[in-house]
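So the structure is just underneath, and the comments pick up after that.
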Amino acid sequence: MADETRTIKTDYLARVEGEGGMLIRLKGNEIEEVKLNIFEPPRFFEAFLRGRYFTEAPDITARICGICPVAYQMAACNSMESVCGVKVEGQLKALRRLLYCGEWIESHALHVYMLHAPDFLGYPSAIEIAKDAPEVVETALRLKKIGNHIMTVVGGREIHPINVKVGGFYKAPSKAELEAMVPDLEWALETSLETVKWANTLDFPDFEMDYEFAALDAGGVYPIEGGERFVSNRGLDIPIDEFYEHVVEEHVKHANALQGHMKERDSYLTGPLARYALWYDLLSPEARGAAEGIGLPKVVKNPFKSILVRSVELVEACAEALRLIREYEQPAEASIEVVPKAGAACGASEAPRGTLCHRYELDDKGIILDATITPPTAQNQPQIEADLRGFVGQFMDLSNEELTLRCEQAIRNYDPCISCATHFLTLEIERT
Amino acid sequence: MHEQATIRDLVATVLHVAEENDAKRVVRIKVKLGALSHFTPEHFEEHWVDVAAGTIAEGCKVEAELSEDLTDPNAHGVILEDVEIALG
Amino acid sequence: MRAVLAPEALEAIVDVLRRRDWRVIAPTVRDKAIVYGEIASATELPVGWKDVQGPGSYKLERRDDEARFGYAVGPQSWKRELLAPSVRLLQIKRTNGGLEPVKDAAETKRTAFFGVRPCEVAAIKIQDRVLIGGKYADEDYLQRRENSFVIAVNCGEPAANCFCASMGTGPKVEDGYDLVLTEITGGTHHFVAEAGTDEGAELLAELPQQPAADADLTAAQTVTDAAREKMGITLDRSDVHDLLLANLEHPRYDDVASRCLACTNCTLACPTCFCTAVDDANDLSGEADDRLRSWDSCFTLQYSEMHGGGTRKETKSRYRQWLTHKLSTWHDQFDTLGCVGCGRCITWCPVGIDIREEVAAIRATQEAKS
Amino acid sequence: MAQTLTETAGSLEAMTPVPYAVTAKRQDTYDTWTLELEPVDGAPIVPGPGQFNMLYAFGVGEVPISNAGNFETDERLVHTIRAVGAVTKALCAAEIGTIVGVRGPFGNTWPIVEAKGKDVVVVAGGIGLPPLRPAIYHVLKNRKDYGRFALLYGARTPTDLVFLDEVKSWQCNYDVDLDITVDVGDTDWKGKVGLVTKLIPPAQFDADDAQAFVVGPEIMMKFVAQELMNRDLPAESINVSLERTMRCGVGLCGHCQIGPTLVCRDGACYTWDKVEKLLAVKEL
Amino acid sequence: MGPTIAVWKFSSCDGCQLTLLDCEDELLGILGRVQIAYFPEATRAEIEGPWDLSLVEGSVTTPEEAERIKEIREKSGLVVAIGACATAGGIQALRNWANVKEYASTVYAHPEYLETLETSTPHSDHIAVDLELQGCPISKVQLVDALLAVLAGRRPNVPTSAVCTECKRRQTPCVQVLGTPCLGPVTQAGCGAICPSFARGCYGCFGPKESPNTVSLAKRWSEMGASEDQLLRAFRTFNGYKPAFREESARHGG
Ligand SMILES: Cc1cc2nc3c(=O)[nH]c(=O)nc-3n(C[C@H](O)[C@H](O)[C@H](O)COP(=O)(O)OP(=O)(O)OC[C@H]3O[C@@H](n4cnc5c(N)ncnc54)[C@H](O)[C@@H]3O)c2cc1C
Ligand code: SF4
Ligand code: SF4
Ligand code: SF4
């Protein structure tokens with residue numbers, strides 16, 4: 001072989017694309033690998049919280065997620081208050097719950113109608129639904145708006161509310177301001193009852209998983225703004241302060257989001273399915289009635305039916321908001337005094353998409369020495385991958401395109417709070 | 001997961017270069033793997049062999065060098081430095 | 001017409017007016033300050049409160065009596081009722097190629113301003129001059145102004161930043177009111193009331209009252225005299241017009257610019273500042289524009305922005321524009337001063353810049369020069 | 001209020017634009033167009049020389065534009081507009097038939113009638129010529145009532161000169177001493193090159209009995225006024241037109257203040273003695 | 001067929017793009033006049049570039065992002081940066097004062113897996129931006145106005161003045177004068193002055209206004225009892241990397 005050869009300089013750069021993505025590697029009919037990539041560039045919240053003053057945590061951590069800022073604010077407050085040995089109770093606690101109901105209504109309405117439903121209805125998005133069935137989208141928007149309105153009245157604005165403070169609020173709304181929302185909320189309650197029925201008309205793939213469901217135990221009420229214990233249907237029952245003794249976070253190479261899993265246990269699931277399964281009996285009569293009305297069992301194991309459970313929780317949030325407003329008395333002080341103390345504690349809350357845990361360590365001046373934050377999506381990610389593994393097995397013969405759609409839908413079952421996960425850009429299916 | 005896409009892109013580029021120069025075969029390629037590219041030389045070669053199979057780049061020699069410079073603006077990418085082709 | 005009223009008669013005032021279906025706007029306590037708001041009863045007045053004001057500071061404290069008007073002016077002025085902070089002047093619709101301006105039906109409800117201080121009456125007169133006294137009138141302002149009914153209250157206790165005596169606008173109101181009250185707290189708590197218009201007299205006639213003797217009028221006069229005495233003259237207005245125009249490049253403007261935040265608080269709190277922005281905003285369909293008018297301020301860059309950049313880029317020029325306008329060029333433009341000495345710009349300046357001090361500083365160095 | 005306010009109140013319609021249709025349009029330079037406007041209903045307003053209207057482009061906004069018309073006719077409005085920003089671009093893009101809003105006429109007028117019997121010197125810089133055109137028309141129409149008429153016109157480049165043909169026709173038909181210059185010439189330019197101030201020393205007029213009308217950028221007006229005063233023309237005989245941001249055009253919004261004066265109400269035409277000191281102060 | 005709009009995410013919390021979906025009253029009206037070309041938070045449909053308008057959320061924190069914004073610039077008629085991240089680097093720009101490698105090892109067990117730039121920077125550091133909407137998050141009103149302005153071909157109404165203008169228009173008694181330190185006088189309007197209306201001081205989430213006199217305000221805060229630490233943190237939060245705030249925080253240590 002004496003071919004003439006030549007070397008050509010190219011200096012060509014091939015880029016590694018950085019978007020959310022998912023990889024499924026199939027070998028014949030075997031699933032070799034399922035990987036969910038979350039290319040959320042790291043933002044280092046836990047690092048830069050160090051050195052900040054403890055009262056800043058609710059405002060700063062809200063910025064972790066614009067879709068569920070209240071969840072972060074509440075977990076931060078719960079944790080800080082626990083470190084400092086104070087408890088926010090009575091009407092202030094009720095106001096927090098009301099604010100959070102606003103976030104649930106907003107987030108669940110957005111997710112049910114605008115993110116998840118298009119998958120079931122075969123539309124790329126709600127924008128296209130709006131062309132064919134504007135009333136569906138209008139309903140969604142009005143529901144969303146009512147949720148947002150609660151956040152505006154109680155929290156100052158819908159995204160990154162400004163009225164939340166360690167110890168309570170900066171200013172408590174008057175009873176009249178809250179009562180003004182009642183007619184809208186009554187409409188929202190009616191509509192969410194309809195939503196449950198409407199969601200029940202969708203087609204669900206036959207698919208069940210045997211989950212370990214985990215959620216907060218809020219001591220006799222459906223868990224929303226906080227809870228003292230973290231429990232599961234498989235016997236986990238720990239004070240929230242021991243969260244990190246049982247849950248470890250792992251940084252896996254393919255995702256910048258940390259993944260959580262329980263020591264000596266498998267993956268577990270937080271979020272609507274878990275809350276519902278664990279605390280069905282604590283739902284309001286309206287929400288329970290809605291579930292019964294469509295024959296929804298007390299434990300739902302089909303993740304695709306999370307849209308039903310989310311709708312039931314929408315009913316719950318509306319009914320609960322109405323109850324809280326009815327029972328509201330404007331507190332004399334908008335917050336209780338919180339004097340910083342050296343120490344460390346966990347605090348958690350139930351984001352629309354699952355349990356969110358914060359842990360802070362403070363010095364005696366109130367400066368944050370250490371912060372750990374575990375969002376629900378991080379906890380759910382191993383479970384999502386596990387689901388997908390099970391799920392792909394059933395749908396292996398679909399075309400790549402259809403399989404992609406199905407997988408996206410499956411991921412959306414979990415309402416992950418990252419935009420790259422709400423709509424995937426790249427899904428690679430390798431078949432060999 | 002993006003290794004595949006990157007390599008496909010590189011193979012396409014190499015074939016394009018080869019074609020433009022009327023090459024019969026690609027003899028050797030030289031690449032610099034960015035420190036953050038997620039590749040090791042072995043890893044890269046493995047993928048390369050996969051993707052280049054069935055093209056005129058099949059069986060070519062792969063010289064892959066791993067850069068350790070994290071601050072390089074191209075640290076996330078793979079640079080195809082040169083391509084050696086056989087003519088005629 | 002004049003009379004002596006017991007404190008309970010204030011309730012009667014509110015009653016009578018509300019029975020006529022008027023809005024009654026009066027001082028009330030909210031957000032740790034005395035602000036104006038609609039009231040349904042005289043009990044909502046700030047009974048037994050006083051304000052402690054300083055440059056850039058304001059604090060409410062309890063009084064040891066039940067005075068209804070035992071405080072000076074708060075953060076708001078009646079400007080909010082007459083020259084609304086934001087209002088849609090009109091809507092312009094596109095109708096198959098044409099344009100159709102549509103005006104909003106004007107609010108026609110009569111409104112009583114209850115508790116208007118002499119400086120505020122003066123401020124309303126100044127805004128009348130500017131907004132409806134010239135060749136062109138502001139329709140929205142005129143509408144609101146015609147529907148207003150002014151119950152003034154003379155001042156007995158000026159705050160630290162009050163200087164109406166210097167500006168000749170208080171502490172006793174001269175005209176421009178329908179009814180005026182002077183509160184007398186020493187001895188039996190009572191009010192001396194005087195009507196300024198027929199309508200004021202009509203209202204007064206409906207109130208439970210005692211006739212006013214000369215002694216009562218003297219007592220009322222003593223109240224405002226004492227207030228004037230207490231305030232003293234802290235800004236010499238006699239030559240201020242020329243003083244400022246002769247010192248447009250005074251170094252004091254650099255000094256004040258190092259402190260001034262160009263935040264607009266002074267102008268927006270001021271009861272006479274009338275500058276507004278007029279902007280068009282499109283509706284969603286793109287088929288109609290809303291013409292909106294909102295409070296503007298010479299302290300913003302955009303205020304003086306022309307094609308190619310702002311005229312007053314430096315804070316120093318903006319402060320100079322404000323100061324000279326208030327005390328000097330306002331006179332050239334509208335034949336009146338633009339400042340009534342209410343002290344709001346001093347109290348509500350977040351860094352406590354004091355117009356009196358700035359003028360004094362310019363005067364001091366000017367005098368040193370001459 | 002039982003006081004009589006209504007009598008003191010002036011016109012109330014000032015803030016409402018009246019629909020006018022674009023009936024003719026001409027491109028003057030690469031960025032300048034002249035529009036003719038006629039009212040959709042009723043008779044047109046008749047702005048005097050030096051006055052301006054607030055022109056409103058639907059959806060985009062409203063700006064002050066000087067009257068550039070009235071020669072033969074009062075039937076339509078003529079405005080020459082340079083497209084520099086959003087509103088002026090939208091106005092310049094208006095097609096024939098487009099409806100625009102008009103409020104006006106506002107501001108004072110050039111003292112052109114008062115200049116009767118005197119020599120007239122008009123100095124224009126670039127787009128400063130159109131606002132002077134109504135005054136020029138007045139002089140031309142009543143040519144015998146005036147003395148000498150010097151028209152000194154300067155622009156940055158030859159492409160910035162507007163109405164050149166019309167200007168030249170004035171020279172032939174009405175006995176106008178026309179002198180034109182550009183700051184920077186081009187290959188086709190055969191005329192003078194240099195600042196417009198250079199045209200003043202040789203201009204023919206009797207400084208004791210003349211009125212000057214000057215419009216251009218502020219800095220140009222300053223130098224022109226200085227040159228004219230160097231020719232012993234008193235500051236009171238030099239008329240300039242000032243420009244400031246205007247939001248209402250009728251003295252209510254406050255934006256157009258320059259010291260003691262409101263440009264929309266007291267101007268835009270001023271004699272130089274009134275404004276010289278004001279313009280000398282930086283950022284007044 | 002209206003103009004095409006693409007919505008891009010960089011390092012951010014998604015709140016600013018969610019603002020678009022939160023325009024409940026306006027959304028359908030706007031969607032009827034534009035074509036959404038790319039908006040992964042809302043749709044899986046895509047229209048290939050070039051695009052008439054790109055809304056860009058989030059800051060540039062990775063080499064990939066630094067490249068991507070250049071491509072977006074090339075293919076977009078107008079680029080509008082939305083939010084504190086996109087206009088100032090956002091809260092994650094706090095890394096710009098720290099050692100990223102240390103940061104990474106604080107948070108992640110295997111920092112070697114991470115690709116990240118040392119800094120978090122606004123898009124204007126990388127490309128020419130046509131319009132910046134400040135705010136953490138941006139204001140709905142300003143977003144809708146900007147979109148309508150693009151549709152109408154007018155200037156968007158983005159005031160560069162202080163939060164105080166809105167505070168006074170809504171007639172809130174000034175909290176700073178009442179004793180609570182407030183960043184309103186140096187912060188750009190847009191939020192509607194909500195914090196003072198809830199009895200708290202503005203914390204500057206809309207970033208610096210034009211010519212902010214931070215020195216004078218900081219002096220006043222000190223007189224009111226604020227510590228140097230407090231001042232440093234106040235200026236170094238959501239818009240800490242914007243030059244005016246960056247310089248002021250540097251004056252108080254660190
Ligand atoms: C008395 C007078 C007569 C004039 N006559 C003529 C004439 O005959 N021909 C001519 O071509 N020009 C004339 N002009 C100048 C003309 O008015 C300006 O060129 C015009 O206003 C530019 O507006 P624009 O929207 O096109 O430019 P832009 O640059 O878009 O806006 C110009 C100005 O409008 C204001 N503005 C607009 N939108 C905003 C916003 N969102 N926020 C803040 N400020 C904003 C600002 O002050 C800005 O600088 C005259 C001006 C005056 C005062
Ligand atoms: S004087 Fe005071 S209130 Fe006025 S702009 Fe300056 S800092 Fe603000
Ligand atoms: S409260 Fe803050 S924003 Fe409002 S006026 Fe005072 S300083 Fe300005
Ligand atoms: S007041 Fe300040 S911190 Fe509060 S929302 Fe507005 S800009 Fe943000």
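Per chain, numbering begins at 1; letters A, B, ... match sequence-line order. Bear in mind the structure is a predicted one, so any value in this text is a computation, not a measurement.
When atom types are taken as modelled, the side chain of E:Glu26 and the backbone of C:Leu284 share no donor-acceptor pair closer than 3.5 angstrom. The closest donor-acceptor contact from the side chain of E:Arg169 to the backbone of C:Ser294 lies at 3.5 Å or more, if one exists at all. Judged purely by atom type and a 3.5 angstrom limit, E:Gln171 has no side-chain atom pairing as donor or acceptor with the backbone of C:Gln76.
Heavy-atom minimum distance, E:Val177 versus C:Pro350: CG2-CA, 4.3 Å. Residues C:Cys260 and E:Asn213 come closest through the heavy atom pair O-ND2, 2.9 Å. The shortest heavy-atom contact between C:Arg259 and E:Ser216 is O-OG, 2.6 Å.
From C:Ser258, atom OG reaches atom NZ of E:Lys219 across 8.0 Å, with rounding to the nearest 0.5 Å. One distance of note links CG of C:Asn265 with NZ of E:Lys168; it measures 4.0 Å at 0.5 Å rounding. Atom CZ of residue C:Arg30 and atom OG1 of residue E:Thr172 lie 7.5 Å apart, to the nearest 0.5 angstrom. Of the inter-residue distances, the one linking E:Glu210 atom CD with C:Leu301 atom CG reads 4.5 Å to the nearest 0.5 angstrom. In this structure, C:Leu261 CG and E:Thr214 OG1 are separated by 9.5 Å, a value rounded to the nearest 0.5 Å. From C:Ser285, atom OG reaches atom CG of E:Leu151 across 11.0 Å, with rounding to the nearest 0.5 Å.
The contact between E:Arg154 and chain C is made entirely by side chain atoms (from C-beta outward), counting heavy-atom distances below 4.5 Å. Of the two parts of C:Ala33, only the side chain, counted from C-beta on, holds a non-hydrogen atom closer than 4.5 Å to a non-hydrogen atom of chain E. Residue contact with chain C, scored on non-hydrogen atoms closer than 4.5 Å, involves the backbone of E:Val158 exclusively.
Chain E forms the most heavy-atom pairs under 4.5 Å with one residue out of C:Ala281, C:Ala84, C:Pro85, and that residue is C:Pro85. When E:Gly29, E:Ala149, E:Ala152, E:Pro159 are compared by the number of non-hydrogen pairs under 4.5 Å with chain C, E:Pro159 comes out ahead.
Residues E:Arg33 and C:Glu287 are not paired through a salt bridge, judged by the lack of any N-O separation under 4.0 Å between the basic side chain and the carboxylate. Residues E:Arg155 and C:Glu305 are paired through a salt bridge, judged by an N-O separation under 4.0 Å between the basic side chain and the carboxylate.
Heavy-atom proximity under 4.5 angstrom to chain C picks out nothing from residues 79-88 of chain E.
Taking the salt bridge (Lys or Arg N to Asp or Glu O under 4.0 Å) definition, one finds that C:Asp31 meets it with A:Lys171, sequence neighbours left out. With sequence neighbours excluded, the residues forming a ring pair (Phe, Tyr, Trp, His ring centres under 6.0 Å) with C:Trp78 are C:Tyr36, C:Phe113, listed by chain and number. For C:Tyr141, there are no ring pair (Phe, Tyr, Trp, His ring centres under 6.0 Å) partners, not counting sequence neighbours.
With contacts defined as side-chain heavy-atom distances shorter than 4.5 Å, the pair C:Lys59/E:Leu178 does not qualify. Looking at heavy atoms from C-beta onward, E:Met224 lies out of side-chain contact with C:Ser57 at the 4.5 angstrom threshold.
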### Query
Run the side-chain contact (heavy atoms from CB on, under 4.5 Å) check on C:Cys263 and E:Gln176 step by step: do they pass?
CA-CA 12 Å; C:Cys263 67; E:Gln176 156 107 6; over 6 Å; no

